[in-house]
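Okay, so here's the structure we're looking at.
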Amino acid sequence: MSQDTRSANTRPGQVKTVTSVSNPVIKDIKALVAQRKRRKEAGLFVAEGLKLVTDAMEAGWPIRTLVFGGEVREQPMVTKAAATARARGALVLDVSRAVLTSITRRDNPQMVVGVFEQQWADPASIAPEDGAVWVALDEVRDPGNLGTILRTVDAVGAKGVVLIGDTTDPFAVEAVRATMGSIFYVPLVRMSRTDFLKWRKGWPGKVFGTHLKGSVDYRKPNYSGPTLLLMGTEQSGLPEQMVEACTQLVRIPQAGKADSLNLAVATAVMLYEIKRNVLEL
């Protein structure tokens with residue numbers, strides 16, 4: 001939240017009642033929801049819903065602002081979230097339904113909204129240890145797909161996700177919502193294609209990619225050792241330079257008329273196969 005929008009009446013750690021949709025702090029939050037540029041400049045993002053807000057705070061993500069609707073102010077979980085946010089120096093706003101509707105752009109808004117600092121992992125933190133699995137996504141464009149992939153990465157115990165090139169924003173409201181809280185537990189690394197290809201040369205393990213050129217069934221390779229799963233865009237898959245970066249191309253067999261699988265589904269299929277031995281009961 002920009003400092004110039006915080007008056008003496010909206011100090012961090014304080015609870016303030018807000019009923020106007022034109023309040024400058026509310027306008028700032030709405031800009032974070034609507035504009036990727038604003039999120040990038042501020043290094044902030046918005047999480048909607050008590051579960052996501054609670055997950056973020058439990059995971060230790062720095063909170064700047066907590067907004068809740070007056071009609072839920074007495075709920076124990078909301079009271080606890082507000083107390084935690086205040087203790088961490090966040091601004092806490094008790095707002096009207098009209099304000100929440102303007103923030104979320106929905107007639108039936110979530111009653112709790114949080115503004116958090118973005119967190120990105122350093123590429124140097126990608127440790128190629130034995131059994132480690134990382135996912136690299138080349139220019140993924142759909143926020144729902146990206147959020148679902150982060151949720152799957154969390155579910156199978158993979159180490160994190162590398163976002164390559166011009167990807168969708170993982171901190172867009174739609175993406176954060178699709179993660180169901182997993183974004184707070186999955187490290188995110190971003191690289192340009194050029195930087196990724198340079199970094200890949202130092203990766204000691206195998207790099208697997210799904211591709212129509214793949215002649216090997218995805219269930220056949222040996223996925224032991226550090227593994228990098230490289231997935232392409234929803235529309236065109238992996239470009240040639242990324243294909244060349246793969247150790248092996250695999251295919252997921254299909255029996256029906258569909259020409260391809262959804263990116264999130266294909267990634268999930270691959271991850272569960274790669275981690276099959278670990279996940280077996």
Could you report the tightest heavy-atom contact between [X] and [Y], atom names first, then the distance?
X: Ala175; Y: Pro170; value: CB-O, 3.5 Å
X: Gly60; Y: Gln119; value: O-NE2, 4.4 Å
X: Phe68; Y: Val92; value: CE2-CG1, 3.5 Å
X: Ala132; Y: Ala127; value: CB-O, 3.9 Å
X: Gly181; Y: Tyr185; value: O-CD1, 3.4 Å
X: Ser22; Y: Lys27; value: O-CD, 3.3 Å

Does [X] reach the side chain of [Y], with side-chain heavy atoms less than 4.5 Å apart?
X: Phe116; Y: Thr65; answer: no
X: Met111; Y: Gln75; answer: no
X: Val162; Y: Leu137; answer: no
X: Glu48; Y: Arg106; answer: yes
X: Ser20; Y: Ile26; answer: no
X: Val250; Y: Met270; answer: yes
X: Tyr218; Y: Val269; answer: yes
X: Leu163; Y: Met191; answer: no

I'd like to know whether Tyr272 forms a side chain to side chain contact (heavy atoms under 4.5 Å, CB included) with Val156, so could you lay out the CA-CA distance, the side-chain angles of the two residues, the decisive distance to 0.1 Å, and finally the verdict. CA-CA 7 Å; Tyr272 270 92; Val156 303; 3.4 Å; yes

How long is the straight-line distance from [atom2] of [Y] back to [atom1] of [X], given to the nearest 0.5 Å?
X: Leu150; Y: Ser182; atom1: CG; atom2: OG; value: 7.5 Å
X: Ile63; Y: Arg86; atom1: CD1; atom2: CZ; value: 13.0 Å
X: Cys246; Y: His211; atom1: SG; atom2: NE2; value: 8.5 Å
X: Glu240; Y: Glu244; atom1: CD; atom2: CD; value: 5.0 Å
X: Leu238; Y: Thr233; atom1: CG; atom2: OG1; value: 8.0 Å
X: Thr167; Y: Leu188; atom1: OG1; atom2: CG; value: 9.0 Å

Could you walk me through whether Glu174 and Arg177 satisfy the salt bridge (charged side-chain N to carboxylate O under 4.0 Å, His left out) test, starting with their C-alpha distance in whole Å, then the side-chain angles of each, then the deciding distance to 0.1 Å, before giving a yes or no? CA-CA 5 Å; Glu174 298 84 357; Arg177 185 186 303 132; 5.6 Å; no

Using modelled atom types and a 3.5 Å cut-off, is there a donor and acceptor pairing between side-chain atoms of [X] and backbone atoms of [Y]?
X: Thr227; Y: Gly225; result: yes
X: Thr54; Y: Lys51; result: no
X: Ser125; Y: Asp122; result: yes
X: Arg88; Y: Met57; result: yes
X: Arg39; Y: Leu32; result: yes
X: Thr79; Y: Arg73; result: yes

Angle class for the Trp61/Phe45 ring planes (parallel below 30°, perpendicular above 60°, tilted otherwise)? perpendicular

Does the plane of the ring in Phe171 sit parallel, tilted or perpendicular to the ring in Trp120? Use 30° and 60° as the thresholds. perpendicular

Could you please spell out the steps behind the side chain to side chain contact (heavy atoms under 4.5 Å, CB included) verdict for Arg193 and Asp138? CA-CA 8 Å; Arg193 276 182 174 172; Asp138 181 68; 2.8 Å; yes

Between Trp203 and Phe196, is the ring centre distance below 6.0 Å? no

Is the distance between the ring centroids of Phe208 and Tyr223 under 6.0 Å? yes

Can you hop from [X] to [Y] via hydrophobic side chains spaced under 4.5 Å?
X: Leu228; Y: Val216; value: no
X: Met242; Y: Val133; value: no
X: Val153; Y: Val189; value: no
X: Val53; Y: Val18; value: yes
X: Val33; Y: Leu66; value: yes

Is it the case that over 12 heavy atoms from other parts of the model lie below 6.0 angstrom from the CG atom of Asn108? no

Sequence neighbours excluded, the answer for side chain to side chain contact (heavy atoms under 4.5 Å, CB included) partners of Thr267 is Val135, Ile149, Leu229, Met231, Leu263, Leu271

Using a strict cut-off of less than 4.0 Å between a Lys/Arg side-chain nitrogen and an Asp/Glu carboxylate oxygen, indicate whether Arg141 and Glu139 qualify as a salt bridge. yes

Taking only Lys NZ, Arg NE, NH1 and NH2, and the carboxylate oxygens of Asp or Glu, determine whether Asp94 and Lys16 approach each other closer than 4.0 Å. no

Under 3.5 Å side-chain donor-acceptor pair for Ser192 and Asp195: yes

Audit row: Arg251, Thr210, side chain to side chain contact (heavy atoms under 4.5 Å, CB included) steps and yes/no: CA-CA 5 Å; Arg251 59 180 174 82; Thr210 59; over 6 Å; no

Could you please spell out the steps behind the side chain to side chain contact (heavy atoms under 4.5 Å, CB included) verdict for Gln118 and Lys40? CA-CA 9 Å; Gln118 296 184 15; Lys40 183 176 181 180; 5.6 Å; no

